[in-house]
Amino acid sequence: MDTIFWLIVVAVMLLIEIFTMGLTTIWFSLGAVVSAVVAALGGPLWLQIVLFCVVSVLVMLLVRPFAMRVVNKERIKTNIDELAGEHATVIEEIDNQKEKGIVRLRGVEWMARSKDGSVIAVDEIVTVDSISGVKLIVQKKQETE
């Protein structure tokens, strides 16, 4: 009966992994396979549980970083995350209430919104805080920067 339980755990973990593709539950399915083998050989329940926990955690810690590098190798990297912290020039007044505002950053014009909701005048220098869709979320550049 323990063997069947562990095989069900394997199936559930594999199904979750198939739907999430997060490389998280696959390791628990490997731990459950080891426990199923121990159960089939007549090992005690405490040993099955300990092996499930130990094997799952060890495999996750040792193999997951390598697997993530292999899986993410084909991922296309963009420079969009590098924009946070950059300085831009306001070329159209930023007014969140009127849903308008444009800044120039690295020679490219971006729609922009103020982080704190304040109106920012033309020619002000702003700092990019984050990106929301196709809009830069900006704030006035601090004098100390």
Asks: Identify the heavy atoms of L105 and H87 that sit nearest to each other, and give their distance.
Replies: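 So the two residues come closest at CD1-O, 3.2 Å.
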Asks: Does any part of the side chain of T127, heavy atoms only, come nearer than 4.5 Å to the side chain of V138, both counted from C-beta?
Replies: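 No, their side chains stay 4.5 Å or more apart.
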Asks: Decide whether I8 and V55 are clustered together by the hydrophobic rule: side chain heavy atoms of Ile, Leu, Val, Met, Phe, Trp, Tyr closer than 4.5 Å, transitively.
Replies: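 No, I8 and V55 fall in different hydrophobic clusters.
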Asks: Over all heavy atoms of both residues, which pair between P65 and M60 is shortest? Give the atoms and the distance, please.
Replies: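 Heavy-atom minimum between the residues: CD-O, 3.8 Å.
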Asks: Does the side chain of F28 come within less than 4.5 Å of V9's, by heavy atoms?
Replies: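 No, every pair of side-chain atoms sits at 4.5 Å or beyond.
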Asks: Could you measure the distance from the OG atom of S56 to the CG atom of L61? Nearest 0.5 Å is fine.
Replies: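 Between atom OG of S56 and atom CG of L61 there are 10.5 Å.
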Asks: Where do K115 and D129 come nearest, in terms of heavy atoms and distance?
Replies: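 Looking at all heavy atoms of both residues, the shortest contact is NZ-OD1, 3.2 Å.
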Asks: Roughly how far, to the nearest 0.5 Å, is CD of Q97 from CZ of R113?
Replies: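 Separation between the atoms: 11.0 Å.
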Asks: Is there a side-chain contact between D116 and Q139 (heavy atoms, below 4.5 Å)?
Replies: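 A side-chain contact is absent here, since even the closest heavy-atom pair is not under 4.5 Å.
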Asks: Only one of V103, I125, D123 forms a side chain to side chain contact (heavy atoms under 4.5 Å, CB included) with V90, so which one is it?
Replies: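 Among V103, I125, D123, the one that satisfies the side chain to side chain contact (heavy atoms under 4.5 Å, CB included) with V90 is V103.
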Asks: Hey, is the main chain of A121 close enough, under 3.5 Å, to the side chain of E93 for a donor-acceptor pair?
Replies: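 No, the answer is negative, given that no donor and acceptor are paired below the 3.5 Å cut-off.
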Asks: S35 side chain to A32 main-chain N or O, any donor-acceptor pair under 3.5 Å?
Replies: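 Checking the backbone N and O of A32 against the side chain of S35, no donor-acceptor pair under 3.5 Å is found.
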Asks: Going from OG1 on T89 to CD on E124, what distance comes out if it is rounded to the nearest 0.5 angstrom?
Replies: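 Result: 10.0 Å between the selected atoms.
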Asks: About how many Å separate CD of E92 and NZ of K98, when rounded to the nearest 0.5 Å?
Replies: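 Rounded to the nearest 0.5 Å, the NZ-CD separation comes out at 10.5 Å.
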Asks: Locate the shortest heavy-atom distance separating W110 from V134; write the atom from each residue and the value.
Replies: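 Residues W110 and V134, closest heavy atoms: CE3-O, 3.8 Å.
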Asks: Are I91 and I131 linked, directly or through other ILVMFWY residues, by side chains that come within less than 4.5 angstrom of each other?
Replies: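 As far as the 4.5 Å side-chain criterion goes, I131 and I91 are not connected within one cluster.
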Asks: V63 and V57: same hydrophobic cluster, using ILVMFWY side-chain contacts below 4.5 Å?
Replies: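 In one cluster with V63: V57, no.
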Asks: Hey, any chance V126 and I137 share a hydrophobic cluster, counting ILVMFWY side chains that come within less than 4.5 Å of each other, even indirectly?
Replies: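 Cluster IDs for V126 and I137 differ.
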Asks: Can you check whether E17's main-chain N or O pairs, donor with acceptor, with T25's side chain at less than 3.5 Å?
Replies: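 It does hold such a pair.
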Asks: Would a single hydrophobic cluster contain both V10 and V37, if residues Ile, Leu, Val, Met, Phe, Trp and Tyr are joined by side-chain heavy-atom contacts under 4.5 Å?
Replies: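 Different hydrophobic clusters.
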Asks: Give a yes or no answer on whether the side chain of T3 reaches the backbone of A40 with a donor-acceptor pair at less than 3.5 Å.
Replies: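 Checking the backbone N and O of A40 against the side chain of T3, a donor-acceptor pair under 3.5 Å is found.
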Asks: Answer yes or no: is there a side-chain heavy-atom contact under 4.5 Å between I94 and V119?
Replies: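 Not in contact.
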Asks: Using modelled atom types and a 3.5 Å cut-off, is there a donor and acceptor pairing between side-chain atoms of N96 and backbone atoms of S114?
Replies: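 It does hold such a pair.
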